2 protein chains.
Amino acid sequence: MYDEWAELWRTLGDPTRLHILSLLGIRDACVCELVELLPISQSAVSQHLRRLKSSGLVRDYRDRTWVFYTLRPDMPGVVATFLKDLPIPPEDAQWLRSHHVVQTCQVPMVDT
Amino acid sequence: MYDEWAELWRTLGDPTRLHILSLLGIRDACVCELVELLPISQSAVSQHLRRLKSSGLVRDYRDRTWVFYTLRPDMPGVVATFLKDLPIPPEDAQWLRSHHVVQTCQVPMVDT
DNA sequence: CCCATATATTAGTGTATCATGATATGGTTA
DNA sequence: TAACCATATCATGATACACTAATATATGGG
């Protein structure tokens, strides 16, 4: 009866995942951008994203070589309410607003 | 920055603790009553209560030989909102409403 | 196909968590 | 104080978690 809620709360119960969710509140981001902003390995970021996805909090879509993650608008209301008030490190917010993927990540070949 | 929230969510991230919180939503209960209602040992119940207490979700007070636990009205609003909608096994709700401690637990000596 | 980049997955390791049983602590009554 | 009950804590084992390093998979362009 409480298992599903418990699993959802445990997904929220990790500082790195909260950090990721707060970043996605600014804008969609691809994995390599999150890796840039978080102090952990790409592998760890990927695993956190898998967990967030399987808990129904984020969705992913592909654009060229990148996989972007985005907050799911249909997440439980109580979680959405919480995320709305979750603080974001100001430098992270600014970084996300001022950078674009192609400036940050290597890209196989972009036409000038 | 996210550590405190993460710890709080991890406290909510256990089915037994959600069960306990839903029970306390009916009325204050002492440890031996919770032990009666939950399928785990008294030791386990006590440890869950300690965690709920240290996360600021419940408070305890003593009445004769019993320690009663109660929901803290000053818990974070988002948690209170969630608990308000948390379902409760009907038989538990009825048990709590129809029983009293002295009917359930052994008591050193009760005057008739 | 071959290579480079982005992402996911696997394996291994240290730590946290949740359960139990045994024991300690504390209050109440005789 | 002694005996009893309620509760808390301790020691331990099984499982879940979060990380890293290494490897696999996918995509896009020569």
Side-chain angles (χ1 to χ4, degrees), chain A residues 2-3 6-20 28-55 58-69 100-112, chain B residues 2-3 6-20 28-55 58-69 100-112:
Chain A
Y2 301 107
D3 287 7
E7 200 204 315
L8 178 61
W9 295 130
R10 251 181 296 121
T11 295
L12 284 184
D14 178 88
T16 298
R17 283 193 290 271
L18 292 181
H19 193 170
I20 291 174
D28 299 358
C30 71
V31 182
C32 60
E33 291 176 307
L34 296 174
V35 169
E36 193 75 21
L37 288 168
L38 298 166
I40 55 175
S41 69
Q42 176 266 322
S43 172
V45 171
S46 185
Q47 292 174 77
H48 281 303
L49 289 168
R50 176 170 53 181
R51 168 122 202 192
L52 289 168
K53 185 177 166 186
S54 88
S55 291
V58 306
R59 191 173 359 227
D60 64 328
Y61 59 91
R62 180 175 284 274
D63 183 358
R64 305 188 53 135
T65 51
W66 305 295
V67 176
F68 282 78
Y69 282 82
H100 234 278
V101 202
V102 295
Q103 301 171 336
T104 303
C105 306
Q106 309 273 17
V107 54
M109 178 54 71
V110 185
D111 326 351
T112 47
Chain B
Y2 302 106
D3 286 6
E7 200 204 317
L8 177 61
W9 295 130
R10 251 180 295 125
T11 295
L12 284 185
D14 177 88
T16 299
R17 283 194 289 270
L18 292 181
H19 194 169
I20 291 174
D28 298 358
C30 71
V31 181
C32 60
E33 291 177 306
L34 297 173
V35 169
E36 193 77 18
L37 288 168
L38 298 166
I40 56 176
S41 68
Q42 174 266 320
S43 171
V45 171
S46 184
Q47 290 174 78
H48 282 304
L49 289 168
R50 177 171 53 179
R51 167 122 203 190
L52 289 168
K53 186 176 164 186
S54 89
S55 291
V58 306
R59 197 181 343 237
D60 64 330
Y61 58 92
R62 180 176 283 274
D63 182 359
R64 305 189 50 135
T65 52
W66 305 295
V67 175
F68 283 77
Y69 282 81
H100 234 277
V101 203
V102 294
Q103 301 171 337
T104 303
C105 304
Q106 311 273 18
V107 54
M109 178 53 71
V110 185
D111 324 352
T112 41

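Since we're looking at a predicted model, the values are computed, not measured. Hydrogens, waters and symmetry mates play no part in the numbers below; they use all other heavy atoms, side chains included.
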Point to revise | Check: Arg17(B) side chain, Leu12(B) main-chain N or O, donor-acceptor pair, under 3.5 Å | key: no
Exercise for review: To the nearest 0.5 angstrom, please state how far the OH atom of Tyr61(A) sits from the SG atom of Cys30(A).
Suggested key: 9.5 Å
Review point. With Thr16(A), which residues qualify under side chain to side chain donor-acceptor pair (under 3.5 Å), at least two apart?
Key: none
Can you give me the N/O atom pairs linking the protein to nucleotides 24-26 of chain C at distances under 3.5 Å, or say none if there are none?
none

**Study point:** Short side-chain N/O contact from Tyr61(B) to OP1 or OP2 of dT7(D), under 4.0 Å
**Key:** no
Revision key, fill the gap. Value for OH (Tyr2(A)) from CG (Asp14(B)), rounded to nearest 0.5 Å, stands at 12.0 Å
Enumerate the protein-to-nucleotides 9-11 of chain C contacts in which both atoms are nitrogen or oxygen and the separation is below 3.5 Å.
{"residue": "dT9(C)", "atom": "O4", "partner": "Ser43(A)", "partner atom": "OG", "Å": "2.9"}

**Study point:** Any side-chain donor near an acceptor of the partner, Gln47(B) and Ser43(B), under 3.5 Å
**Key:** yes
Check your understanding: Could you give the angle between the helix axes at the two ends of the helix from dC1(C)-dG30(D) to dA30(C)-dT1(D), with five pairs per end, rounded to 10 degrees?
Key -> 20°
Point to revise | Residue met sooner reading DNA chain C from 5', once Arg10(A) and Leu49(A) are mapped to nucleotides | key: Leu49(A)
Revision key, fill the gap. Contacts of Arg51(A) and Asp63(A) projected onto DNA chain D by closest heavy atom; the upstream (5') one is Arg51(A)
Point to revise | Ser46(A): partners by side chain to side chain contact (heavy atoms under 4.5 Å, CB included), with sequence neighbours left out | key: Gln42(A)
Point to revise | All pairs passing salt bridge (charged side-chain N to carboxylate O under 4.0 Å, His left out) where residues 38-51 of chain B contributes a residue, at least two apart | key: none
Review point. So does His48(B) get a side-chain nitrogen or oxygen closer than 4.0 Å to the phosphate oxygens (OP1/OP2) of dT17(C)?
Key: no
Exercise for review: Could you check whether Phe68(A) gets within reach of a base, just the sugar-phosphate, or nothing at all, counting any heavy atom under 4.0 Å?
Suggested key: nothing
